[in-house]
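One structure is given below, encoded as structure tokens.
Predicted model, so just to flag it, every value in this text is computed and none were measured.
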Amino acid sequence: MFDDYEKFKRDILALTNIDLNYYKEKQMRRRINTIATKHGCDDYDTYVRVLKTDKEKFNQFVNFLTINVSEFYRNPDQWKILDEQVIPKLIKEQGRTLKIWSAACSTGDEPYSLAMAFSRHIPLTNISITATDIDKQVLAHAQVGLYNAKSIANVPDDLKKKYFTKVGESYQIAPELKRCITFKEHNLLKDPYPRDMDLILCRNVVIYFTDEAKNMIYKNFYQSLKNHGVLFIGSTEQITNYRELGYERLSSFYFEKKA
């Protein structure tokens, strides 16, 4: 029986450094119970023993838990606003050398999209992107930089031609784009946040967190941004208390740190 979730949360914290208290319990328990049952476990203690002894199942669990759904230029309308309004504004106010953070970057689609978007405005050598995720597996995938046709379907044709090389049925990202990006492991709910960012992207992640965790994350992002820096969130997400947190709303998914 999956009936001692409190103990399971403590076990998982000790094992993975992931604090399940920050996740909505009903939704997360349902997902965990499903994968545990798939692996032949009928209670949490058995599943924890499996995770401790089977590296492949452990990696599957972390990958499953961190909800990796990603694609290049996801929600193209948002990227259009980034290209036409946000990037020119940042360059005008912050200069042509910019620090960018792609938080919860998953398999790298987002930070590579960012590098391409900024390359239309400033040289690649002026672009410094920190890309972080809690999941080592997806970071390893991101550093390889190999993607299928579906992942890159939304990339504008000129950028696709410039920055991808076809390898079999897959597409390899260009080395000069990789050099703009530093991939690092990072837990949004625990680790220190980088500072002096001009732009932070955190999209389609906090919807899985409690309101308390969301507030903590958005406050930390605020501290990470320079004055007039911009936070870019997902199309299905909202910051209802953005004024209280110190942001000015530029659009439904772009928020500027007030000076």
Side-chain angles (χ1 to χ4, degrees), residues 19 21-24 66-67 69-70 73-106 109-111 113-115 117-118 120-122 126-134 181-182 184 186-259:
D19 190 347
N21 285 310
Y22 286 108
Y23 293 79
K24 295 175 182 177
T66 50
I67 312 156
V69 179
S70 191
Y73 280 80
R74 186 177 181 182
N75 305 119
D77 289 347
Q78 293 184 321
W79 289 89
K80 190 173 189 290
I81 293 175
L82 180 77
D83 181 53
E84 295 178 356
Q85 299 177 30
V86 177
I87 293 177
K89 174 181 169 64
L90 285 173
I91 292 171
K92 182 180 179 180
E93 294 178 350
Q94 312 287 39
R96 291 173 60 83
T97 301
L98 298 170
K99 290 176 65 179
I100 303 153
W101 179 19
S102 173
C105 70
S106 188
D109 313 46
E110 180 178 275
S113 297
L114 273 170
F118 274 88
R120 285 180 156 168
H121 299 265
I122 55 178
N126 288 32
I127 303 166
S128 175
I129 299 173
T130 300
T132 64
D133 202 278
I134 197 172
I181 303 167
T182 302
K184 295 180 180 179
H186 184 272
N187 185 336
L188 282 169
L189 301 173
K190 183 174 182 179
D191 294 333
Y193 282 37
R195 297 291 182 179
D196 298 321
M197 292 290 139
D198 297 294
L199 174 67
I200 297 173
L201 280 79
C202 185
R203 307 169 68 224
N204 310 301
V205 176
V206 301
I207 51 174
Y208 300 101
F209 295 145
T210 62
D211 288 342
E212 178 188 7
K214 288 178 188 177
N215 271 338
M216 179 184 72
I217 289 168
Y218 288 138
K219 285 178 182 177
N220 286 337
F221 283 151
Y222 183 87
Q223 295 301 322
S224 289
L225 288 167
K226 293 179 184 175
N227 286 340
H228 300 296
V230 174
L231 173 64
F232 179 7
I233 66 172
S235 59
T236 61
E237 297 166 331
Q238 296 181 11
I239 309 178
T240 54
N241 60 336
Y242 65 89
R243 289 192 185 89
E244 178 186 325
L245 295 172
Y247 293 102
E248 179 181 340
R249 188 166 67 181
L250 303 179
S251 77
S252 59
F253 37 81
Y254 285 105
F255 295 83
E256 181 180 344
K257 178 177 179 176
K258 292 180 180 177

Next item on the list: Applying side-chain contact (heavy atoms from CB on, under 4.5 Å), run through Thr130 and His186 and close with a yes or a no.
Entry: CA-CA 11 Å; Thr130 300; His186 184 272; over 6 Å; no
Considering non-hydrogen atoms only, spot the tightest contact between [X] and [Y] and give its length.
X	Y	value
Ile239	Leu245	CG2-CD1, 3.9 Å
Leu250	Lys89	CD1-CE, 4.1 Å
Leu188	Ala103	CD2-CB, 4.1 Å
Pro194	Met197	CB-CE, 3.7 Å
Glu256	His228	OE2-ND1, 2.6 Å
Leu90	Asp198	CD2-O, 3.4 Å

Note to self: Does Arg243, at its CZ atom, have more than 12 non-hydrogen atoms belonging to other residues, nucleotides or ligands within less than 6.0 Å?
What the structure shows: no
Margin query: For Lys258, is the NZ atom crowded, meaning more than 12 foreign heavy atoms sit under 6.0 Å from it?
Written below: yes
Item checked: Phe232, Tyr242, Trp79 screened by ring-ring contact (aromatic ring centres under 6.0 Å, His included) with Tyr254, the one that passes -> Phe232
Checklist line | Residues forming a side-chain contact (heavy atoms from CB on, under 4.5 Å) with Ala131, sequence neighbours excluded | finding: Ser102, Cys105, Pro111, Ile181, Phe183
Does [X] use its side chain to pair, donor to acceptor, with the backbone of [Y] at less than 3.5 Å?
X	Y	answer
Tyr222	Lys257	no
Arg203	Ser235	no
Asn204	Gly234	no

Next item on the list: Side-chain contact test, heavy atoms from C-beta onward, threshold under 4.5 Å: evaluate it for Leu114 versus Ile127 and give yes or no.
Entry: no
Notebook entry, point to check: Can you name the ring-ring contact (aromatic ring centres under 6.0 Å, His included) partners of Phe253, sequence neighbours left out?
Noted result: none
Next item on the list: Return the set of residues passing ring-ring contact (aromatic ring centres under 6.0 Å, His included) with Phe221 (not counting sequence neighbours), or none when no residue passes.
Entry: Trp101, Tyr193
Return a table of donor-acceptor pairs under 3.5 angstrom between the side chains of residues 209-219 and protein atoms on other chains or two or more places apart.
{"unit_1": "Thr210", "atom_1": "OG1", "unit_2": "Ala213", "atom_2": "N", "d": "3.1"}
{"unit_1": "Asn215", "atom_1": "OD1", "unit_2": "Asn241", "atom_2": "ND2", "d": "3.0"}

Notebook entry, point to check: Among all residues two or more places apart in sequence or in another chain, which pass the salt bridge (charged side-chain N to carboxylate O under 4.0 Å, His left out) test with Glu237?
Noted result: none
Check: Looking at residues at least two apart in the chain, or sitting in another chain, which of them share a side chain to side chain donor-acceptor pair (under 3.5 Å) with Lys184?
Finding: none
